[in-house]
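Heads up, the thing below is written out as structure tokens.
These numbers were taken from a predicted model, which means no experiment stands behind them. Excluded from the calculations below are hydrogen atoms, water molecules and symmetry mates; all remaining heavy atoms, backbone and side chain alike, are included. So you know, we letter chains A, B, ... as the sequences are listed, proteins then strands, and number each from 1.
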2 protein chains.
Amino acid sequence: MPMIAASVFEPVDHDSVADAVVRQIETMIVDGILKDGVRLPSEREMAEAMGVSRPKLREALQVLETRKLVTVRHGDGTFVAELTGRAMSPAMLELFARHGEAFFDYLEYRCEQEAFASRLAAQRATRIDKERLEAIKEDLKRAWAEDDAEASRDADFDLHSAVVDASHNVTLIHMMAAVYDLTRRGVFYNRDLLRTIDGSGRKLLDQHCEIVDSIVAGDPVRAEAAARAHLHFVGESIRVGQEQDFRERRARMRVKTVE
Amino acid sequence: MPMIAASVFEPVDHDSVADAVVRQIETMIVDGILKDGVRLPSEREMAEAMGVSRPKLREALQVLETRKLVTVRHGDGTFVAELTGRAMSPAMLELFARHGEAFFDYLEYRCEQEAFASRLAAQRATRIDKERLEAIKEDLKRAWAEDDAEASRDADFDLHSAVVDASHNVTLIHMMAAVYDLTRRGVFYNRDLLRTIDGSGRKLLDQHCEIVDSIVAGDPVRAEAAARAHLHFVGESIRVGQEQDFRERRARMRVKTVE
DNA sequence: CTGAGTGATTCATATTATTTACCACTAAAT
DNA sequence: ATTTAGTGGTAAATAATATGAATCACTCAG
């Protein structure tokens with residue numbers, strides 16, 4: 001009779017009450033239900049509504065305060081922190097990264113912003129902007145030719161920053177600065193996932209070059225299309241990559257049963 | 001200062017230890033890690049591996065036994081039930097329905113089976129089969145013309161059963177019988193979701209008619225393509241429908257904050 | 001028939017969570 | 001400036017859940 005080894009069974013992922021509360025409040029923030037600056041109901045009311053005890057709710061609020069998602073003021077109340085304003089706070093962006101289902105919303109948003117930035121850049125790029133973009137294009141090519149992942153990542157980041165800078169829209173520049181910083185630190189996704197459907201990285205390079213070329217050519221329609229195609233490719237790579245990772249993990253578990 | 005009403009906060013979804021164990025073991029079954037008939041490790045070993053106490057593991061195994069997913073034999077051991085064999089057991093199919101991430105695997109599998117069935121049906125349908133299919137086609141048209149959701153659902157089920165019957169592959173007939181029964185009972189998805197991107201239902205009708213016409217015409221390639229297109233449409237409708245439902249729920253929660 | 005494994009039951013103990021009471025701060029009303 | 005009613009903050013008793021351990025009953029291989 002075939003028998004399963006005990007090692008196939010992993011420790012159960014069982015949350016405490018406080019953890020569950022943290023997750024639910026974070027989800028409400030991500031979903032836009034709890035907006036910046038609003039005051040939460042009193043601890044007594046929230047605890048009752050959520051069906052947990054006040055000490056446990058307080059424990060959760062403490063975690064949220066540590067993550068800079070809420071502000072607690074003795075004798076006054078509990079408030080959702082200012083998370084977006086002119087630019088998304090790191091706390092908010094890290095929250096998005098933690099909540100997988102929000103990630104594709106973020107990507108959809110970013111696609112729209114980068115299409116917008118590329119269109120403006122094609123219209124407004126100065127000679128200096130264009131020179132900067134051409135120089136980054138050479139960096140990208142060199143990084144690809146040398147298969148230098150780190151240089152490639154840096155150049156990627158430089159390109160997107162340069163495009164936004166070339167849009168000359170101050171609000172956009174501020175809004176996207178934090179996004180790029182966290183993308184660069186790998187908070188949103190492992191950049192290796194971009195190799196999922198583009199093993200050689202050639203496609204990624206071509207897309208980056210097309211963005212530069214269309215901005216330098218002063219073609220807003222082409223620049224916007226290039227940005228959208230690129231972000232679509234990024235989204236697709238991540239989705240397919242995550243699915244493959246998931247299938248591989250399941251396959252490894254199955255293999256484990258016959259060891 | 002804007003304030004959120006307490007009613008926006010819902011009771012936290014917090015599992016007991018036993019519930020968490022149930023979910024994890026069910027996931028292992030869905031993922032194919034725990035296969036039919038295999039013997040699980042002893043309760044003592046499983047409890048230790050999963051990091052829970054034996055009484056709590058036993059509580060979980062009792063739930064799984066009630067759901068007919070495992071068989072427990074005093075003095076012998078605990079076994080994964082025979083869930084698939086020649087046809088998927090209702091227990092297995094209900095398990096798939098409970099585990100959302102498995103649903104699209106199921107749909108992918110069903111797409112392949114129905115494409116296979118349609119191809120065979122186009123090759124093997126007898127005169128009686130064809131007459132039956134044509135009669136069902138008329139039922140579908142009438143149900144659509146009269147906007148009769150129940151008649152439409154019944155005719156839909158009849159069609160898929162008739163196609164599989166016309167394949168004259170006994171294994172396939174048995175395998176799909178339980179699938180159709182549960183689909184009919186709405187275990188897998190609410191059929192209303194099919195109206196998400198096809199408000200009038202015309203597209204669905206056209207696809208059903210194309211399946212019938214291609215089988216009656218004896219064209220296996222066309223029949224297979226028609227089945228695949230149909231199942232692709234079903235998958236897409238469900239996916240978009242679920243996304244819309246999700247967005248609507250979030251929007252309702254946001255509206256709730258300003259009441 | 002025996003022994004070593006399995007599941008089954010029960011109970012004492014530990015941990016987590018709830019309930020309750022009271023303290024300290026804040027801000028609006030007087 | 002004071003008062004009051006709200007808020008958050010702390011602590012302890014109690015309840016609920018979970019763990020750990022001991023023992024019983026069944027099964028099957030040797």
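- Of the candidate nucleotides dC25(C), dA8(C), dC22(C), dC25(C) has the atom lying nearest to any side-chain atom of His74(A).
- Side-chain proximity of Arg54(B) to dA17(C), dC28(D), dT9(C): nearest is dT9(C).
- Sequence order on DNA chain C of the closest nucleotides to Arg44(A) and Ser42(B) puts Ser42(B) first from the 5' end.
- If you take CG of Leu40(B) and C1' of dT6(C), they are 13 Å apart, rounded to a whole angstrom.
- The residue among Gln62(A) and Gly75(A) whose nearest nucleotide of DNA chain D is located toward the 5' end is Gly75(A).
- The shortest distance between the side-chain N/O atoms of Thr78(B) and the OP1/OP2 oxygens of dG7(C) is below 4.0 Å.
- Between dT18(C), dT19(D), dA8(C), one nucleotide has an atom nearer to the side chain of Glu43(B) than all others, and that is dA8(C).
- The side chain of Val17(B) sits closest to dA18(D) out of dG8(D), dA18(D), dT10(C).
- Taking atom CZ on Arg73(B) and atom C1' on dA8(C), their separation rounds to 16 Å, with Å as the unit.
- One atom, CG of Leu61(B), and another, C1' of dG7(C), lie 10 Å apart when rounded to the nearest Å.
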**Request:** Start with the C-alpha gap between Ser118(A) and Val163(A), add the side-chain angles, then the distance that decides, and say whether side-chain contact (heavy atoms from CB on, under 4.5 Å) holds.
**Result:** CA-CA 6 Å; Ser118(A) 295; Val163(A) 169; 3.7 Å; yes
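- Look at CG on Asp76(B): it is 19 Å from P on dA25(D), rounded to the nearest Å.
- Out of dG7(C), dA18(D), dT6(C), the shortest distance to the side chain of Ser53(B) is found at dA18(D).
- Residues passing the salt bridge (charged side-chain N to carboxylate O under 4.0 Å, His left out) test with Glu59(B), sequence neighbours excluded: Lys56(B).
- Between His230(A) and His160(A), the ring planes lie parallel to each other; the angle is under 30°, not in the 30° to 60° tilted range.
- dT18(C) atom P lies 14 Å from atom CE of Met46(A), rounded to whole Å.
- Both Glu59(B) and Pro55(A) lie close to DNA chain D; mapped to their nearest nucleotides by heavy-atom distance, the more 5′-ward contact belongs to Pro55(A).
- Counting to the nearest Å, the P atom of dT16(C) and the CG atom of Leu57(A) are 19 Å from each other.
- In this structure, of dT19(D), dT7(D), dT18(C), it is dT18(C) that holds the atom nearest to the side chain of Lys56(A).
- Looking at Glu10(B), its side chain never comes within 3.5 Å of a backbone N or O of Gln24(A) through a donor-acceptor pair.
- For Val72(B), counting side-chain heavy atoms from C-beta on, the closest listed nucleotide (dA18(D), dA8(C), dC28(D)) is dA8(C).
- For Arg58(B), whose side chain is taken as the heavy atoms from C-beta onward, the closest listed nucleotide among dT6(C), dT9(C), dG20(D) is dT9(C).
- Using a distance-only test at 3.5 Å, with no hydrogens or angles considered, no donor-acceptor pair links the side chain of Ser161(A) to the main chain of Asp158(A).
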